[in-house]
**Q** 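Sharing a structure below in structure tokens format, with a few things to ask.
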Amino acid sequence: MIRLLVRNIKEIEVLKMNEVRVRIAPSPSGNLHIGTARTALFNYLFAKKNNGKFILRIEDTDAERTSQAYIDNIFDSLKALGLNWDEGPDIGGPYGPYTQSERFDIYPKYVQELLDKGFAYECFCTPEELEAEKKEAAENKKPYVYTKKCENLTEEEKAKLRAEGRKPAVRFNISKAQKAFHDSTILKFNDLVKGELHMDTSLLGDFVILKSNGTPTYNFAVVIDDMLMKISHVIRGEDHISNTFKQILIFEALGAEVPRFGHLGMILAPDRSKLSKRHGATAVSEFVEKGYLTDALVNFVALLGWSPSDGKEIKTIDEIAADFRINEISSSNSIFEYDKLNWMNSHYIKMLSIPELKERLKPYLTKYDLSELTDAQYTRMVEVTYEPLTLLSDITDAVPYFFGEGVEIDEKARETLDSDVSQDVLKTFIEQAKDWDWTEENLHEKLEQFRAFYKEKGIKPKVTMWAVRAAVTGRLCGADMTAILAIIGKDKTFNRVNSAIKQTV
RNA sequence: AGCGGUAUCGUCUAGUGGUUAGGACGGGAGAUUCUCAUUCUCCAAACAGGGGUUCAAUUCCCCUUACCGCCGCCA
């Protein structure tokens with residue numbers, strides 16, 4: 001009985017060890033970047049698919065570049081995208097804290113362990129000395145690697161340097177770790193998306209793991225945190241591949257289980273450079289402000305590297321998760337093209353219900369006085385204007401003629417109004433329409449008759465309507481004319497048409 | 001410079017040792033419509049180049065080229 005229990009516990013332990021735990025670890029030195037969002041998405045999808053945990057960790061070891069506003073932005077953006085985390089700074093979890101700056105007292109212990117095991121050593125080189133070495137390497141067109149000058153300092157030498165007031169940094173001894181755990185200088189690992197990756201670690205310089213100010217560097221803090229948080233799979237951008245080799249060695253030096261790694265291709269701007277401000281929005285929050293729907297953003301970004309097995313590209317995040325296989329992700333870079341995102345966004349806008357649209361459009365209608373319209377009129381306005389929208393914000397410029405008394409006439413409309421035909425149409429319109437019953441249903445019928453009336457005179461329906469449209473809306477294209485007239489009402493219509501009619505002496 | 005990675009229509013991609021190399025966005029043409037848009041139909045558009053291996057290569061191997069990334073006491 002007891003034996004059975006022990007066995008069960010062991011099995012549970014094994015299961016726990018095998019539990020999928022992934023993380024997204026943004027550094028709060030900016031708003032959540034769309035590329036980071038994609039990495040987060042793939043981590044999230046992988047976790048969901050494998051019944052694992054998705055963890056958020058804030059990497060703020062560099063205090064100078066960190067700000068609370070960025071942290072908030074990261075939280076908000078991730079939430080808006082629907083990438084809810086199971087453990088994180090705000091909600092805690094079994095392996096917290098989840099903010100690196102709050103973990104600073106954890107790291108020294110492991111630095112000491114590495115020091116004790118001989119996998120790390122103190123380095124007293126000054127920034128100036130290092131700079132000189134780098135410069136020399138560059139002049140000789142040699143790749144720069146740290147000289148290991150401080151590797152074998154004696155206690156006396158160290159004491160002397162300390163007495164001079166020098167504060168040491170701690171460097172990781174790559175060759176020692178490599179030798180301890182591998183037969184050659186070649187380090188290999190099997191990447192989840194790229195397959196086997198290898199690297200000659202003798203080409204790597206001993207890197208700093210603890211800065212002279214006592215704070216850990218990224219490469220070290222990441223390993224300690226991933227180890228302590230029992231991260232099973234590290235999915236991140238391929239710009240981290242060279243870090244991965246260093247990090248694997250630290251895991252090994254610490255006697256920790258090495259997680260599995262997967263490296264994603266990068267997202268590039270259309271000019272194949274890094275996606276930056278000059279290409280437009282880069283932060284998720286900027287896209288949202290512009291009127292992109294987070295569902296569309298998620299769907300679009302998932303398609304950068306991943307493709308659905310059934311060929312249907314429009315999918316919810318849950319559907320994508322169910323269909324997600326990390327090894328099927330494309331390992332090449334992909335270009336962020338707005339064309340498809342825009343198409344997808346308009347598609348998602350069309351899938352929104354009218355009540356939902358009415359609410360979501362409101363932030364983009366603040367320059368108008370919505371109280372001019374009844375709820376029924378506003379509903380109708382939305383119904384007849386939402387279809388051509390690419391962005392929610394497009395609504396702003398699509399609806400000015402529903403508001404205010406007069407209307408601004410654009411150039412094309414002006415030209416149209418100036419023609420004799422248009423003037424004739426408008427005069428006739430006033431004459432006929434004054435007796436019309438002003439319901440949309442009736443207007444539809446009357447306008448049809450009105451067009452027929454002119455068609456008999458050889459005037460195309462298009463031309464007839466252009467005159468009315470130009471007078472009432474000030475432009476040549478826009479929503480359904482019948483609906484427009486019904487919404488703005490008879491008085492406004494007449495006022496606008498009348499003011500478009502030239503007064504002849 | 002060194003090291004690592006990637007290479008299918010313009011873009012995102014599917015796919016296979018023998019296929020008319022498929023889809024989506026974008027582009028073009030047409031239909032519908034009071035306009036713009038929507039919607040629908042149709043069309044054009046790709047295996048980077050050179051060597052191998054093989055009866056057969058877009059697919060496997062090598063080289064070249066191009067592009068991306070990394071070479072911090074940044075993350």
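Predicted, not measured: the structure shown is a model, and the values here were computed from it. Numbered from 1 within each chain, the chains take letters A, B, ... in sequence-line order.
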**Q** Which part of the nucleic acid, if any, lies within reach of A:L476 when heavy atoms closer than 4.0 Å are counted: base, sugar-phosphate only, or nothing?
**A**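 Answer is base: heavy atoms of A:L476 come under 4.0 Å of a base.
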**Q** Output the single nucleotide from B:C73, B:G5, B:C70 whose closest atom is nearest the side chain of A:V208.
**A** B:C73
**Q** In this structure, how many angstroms lie between the P atom of B:C74 and the CG atom of A:N213, rounded?
**A**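 After rounding, the reported distance stands at 8 Å.
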**Q** Within the structure provided, determine whether A:R360 and A:I349 are in side-chain contact (heavy-atom separation under 4.5 Å).
**A** no
**Q** I'd like to check the side chain to side chain donor-acceptor pair (under 3.5 Å) partners of A:D271; sequence neighbours left out, ordered by chain and number.
**A**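 So A:D271 forms a side chain to side chain donor-acceptor pair (under 3.5 Å) with A:S273, A:R278, A:H279.
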**Q** Can you list every ring-ring contact (aromatic ring centres under 6.0 Å, His included) pair that touches residues 441-479 of chain A, not counting sequence neighbours?
**A**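 Sorted result for residues 441-479 of chain A: A:F429-A:F450, A:F450-A:Y454.
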**Q** Assess whether a salt bridge exists between A:K312 and A:E319, defined as any Lys/Arg side-chain N lying under 4.0 Å from an Asp/Glu carboxylate O.
**A** no
**Q** Indicate, with a heavy-atom threshold strictly under 4.0 Å, whether A:H240 touches base, sugar-phosphate, or nothing.
**A** base
**Q** With sugar-phosphate meaning primed atoms plus P, OP1 and OP2, does A:S331 contact a base, only sugar-phosphate, or nothing at under 4.0 Å between heavy atoms?
**A** sugar-phosphate
**Q** Please work out if A:E313 contacts a base, only the sugar-phosphate, or nothing of the nucleic acid, heavy-atom cut-off 4.0 Å.
**A**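 Contact class for A:E313: base.
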**Q** In whole Å, I'd like the distance from the CZ atom of A:F220 to the C1' atom of B:A75.
**A**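 Rounding to the nearest Å, CZ of A:F220 and C1' of B:A75 are 16 Å apart.
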**Q** Would you classify A:R475 as touching base, sugar-phosphate or nothing, given that sugar-phosphate means primed atoms plus P, OP1 and OP2, and contacts are heavy atoms under 4.0 Å?
**A**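 No contact.
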**Q** Please determine if A:E129 and A:R166 form a salt bridge, counting it only when a charged side-chain N lies under 4.0 Å from a carboxylate O.
**A** yes
**Q** Indicate, yes or no, whether a donor-acceptor pair under 3.5 Å links the base of B:C67 to the side chain of A:R272.
**A**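 No.
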**Q** Measure from NZ or CZ of A:K246 to the centre of the six-membered ring of A:F172, then state whether that distance is under 6.0 Å and the direction lies within 45° of the axis.
**A** no
**Q** Check whether the side chain of A:T464 and the base of B:C34 form a donor-acceptor pair under 3.5 Å.
**A**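 Absent.
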**Q** Among B:C25, B:C73, B:C34, which nucleotide sits nearest the side chain of A:A169?
**A**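 The closest nucleotide is B:C73.
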**Q** Quick check on B:C34: is either OP1 or OP2 less than 4.0 Å from any side-chain nitrogen or oxygen of A:R469?
**A**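 Looking at the OP1 and OP2 atoms of B:C34, neither is under 4.0 Å from any side-chain N or O of A:R469.
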**Q** Between B:A14, B:A1, B:U38, which nucleotide has the shortest distance from any of its atoms to the side chain of A:P143?
**A**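 For A:P143, the side-chain atoms sit closest to B:A1.
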**Q** Start at the 5' end of RNA chain B and walk down; is the nucleotide closest to A:E337 or to A:T61 reached first?
**A**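 The residue closer to the strand's 5' end, by nearest nucleotide, is A:E337.
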**Q** So A:F245 and A:F189, ring-ring contact (aromatic ring centres under 6.0 Å, His included) or not? Walk me through it.
**A** CA-CA 8 Å; A:F245 292 102; A:F189 73 94; 5.3 Å; yes
**Q** Tell me what A:A25 touches on the nucleic acid: a base, only sugar-phosphate, or nothing, going by heavy atoms under 4.0 Å.
**A** nothing
**Q** OP1, OP2 of B:G10 versus side-chain N and O of A:K340: anything below 4.0 Å?
**A** no
**Q** Across the strands shown, which category fits A:G305 at heavy-atom distances under 4.0 angstrom: base, sugar-phosphate, nothing?
**A**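 Sugar-phosphate contact only.
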**Q** Nearest to the side chain of A:S332, which nucleotide is it out of B:C34, B:A75, B:U6?
**A**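 Among B:C34, B:A75, B:U6, the one nearest the side chain of A:S332 is B:U6.
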**Q** Report which part of the nucleic acid A:D200 touches: base, sugar-phosphate, or nothing (heavy-atom distance under 4.0 Å, all strands).
**A** nothing
**Q** Ignoring the backbone of A:R65, work out which of B:U6, B:U35, B:C74 is nearest its side chain.
**A** B:C74
**Q** Can you check whether A:S334 has a side-chain N or O nearer than 4.0 Å to OP1 or OP2 of B:U11?
**A**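 Looking at the OP1 and OP2 atoms of B:U11, neither is under 4.0 Å from any side-chain N or O of A:S334.
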**Q** If I pick the P atom on B:C9 and the same atom on B:A75, what distance separates them, to the nearest angstrom?
**A**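 Their P atoms lie roughly 39 Å apart.
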**Q** Using the six-membered ring wherever Trp is involved, compare the ring planes of A:F75 and A:W85 and label them parallel, tilted or perpendicular (cut-offs 30° and 60°).
**A**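 Geometry flag for A:W85 against A:F75: tilted rings.
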**Q** Once you round it to whole Å, what is the distance between P of B:G72 and OH of A:Y144?
**A** 7 Å
**Q** Quick one, which residues of residues 121-134 of chain A touch RNA chain B with a heavy atom under 4.0 Å?
**A** A:C125, A:L130, A:K134
**Q** Say you pick atom P in B:C67 and the same atom in B:U8; how far apart are they, in whole Å?
**A**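 The answer is 15 Å between these two P atoms.
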**Q** Under 6.0 Å between ring centres, would you say that holds for A:Y218 and A:F220?
**A** no
**Q** Between A:I335 and A:M481, just flag the one whose closest nucleotide in RNA chain B comes earlier from the 5' side.
**A**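 Closest to the 5' end, via its nearest nucleotide, is A:I335.
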**Q** Would you please confirm or rule out a distance under 4.0 Å between OP1 or OP2 of B:A75 and any side-chain N or O of A:S29?
**A**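 Answer is no, no contact under 4.0 Å.
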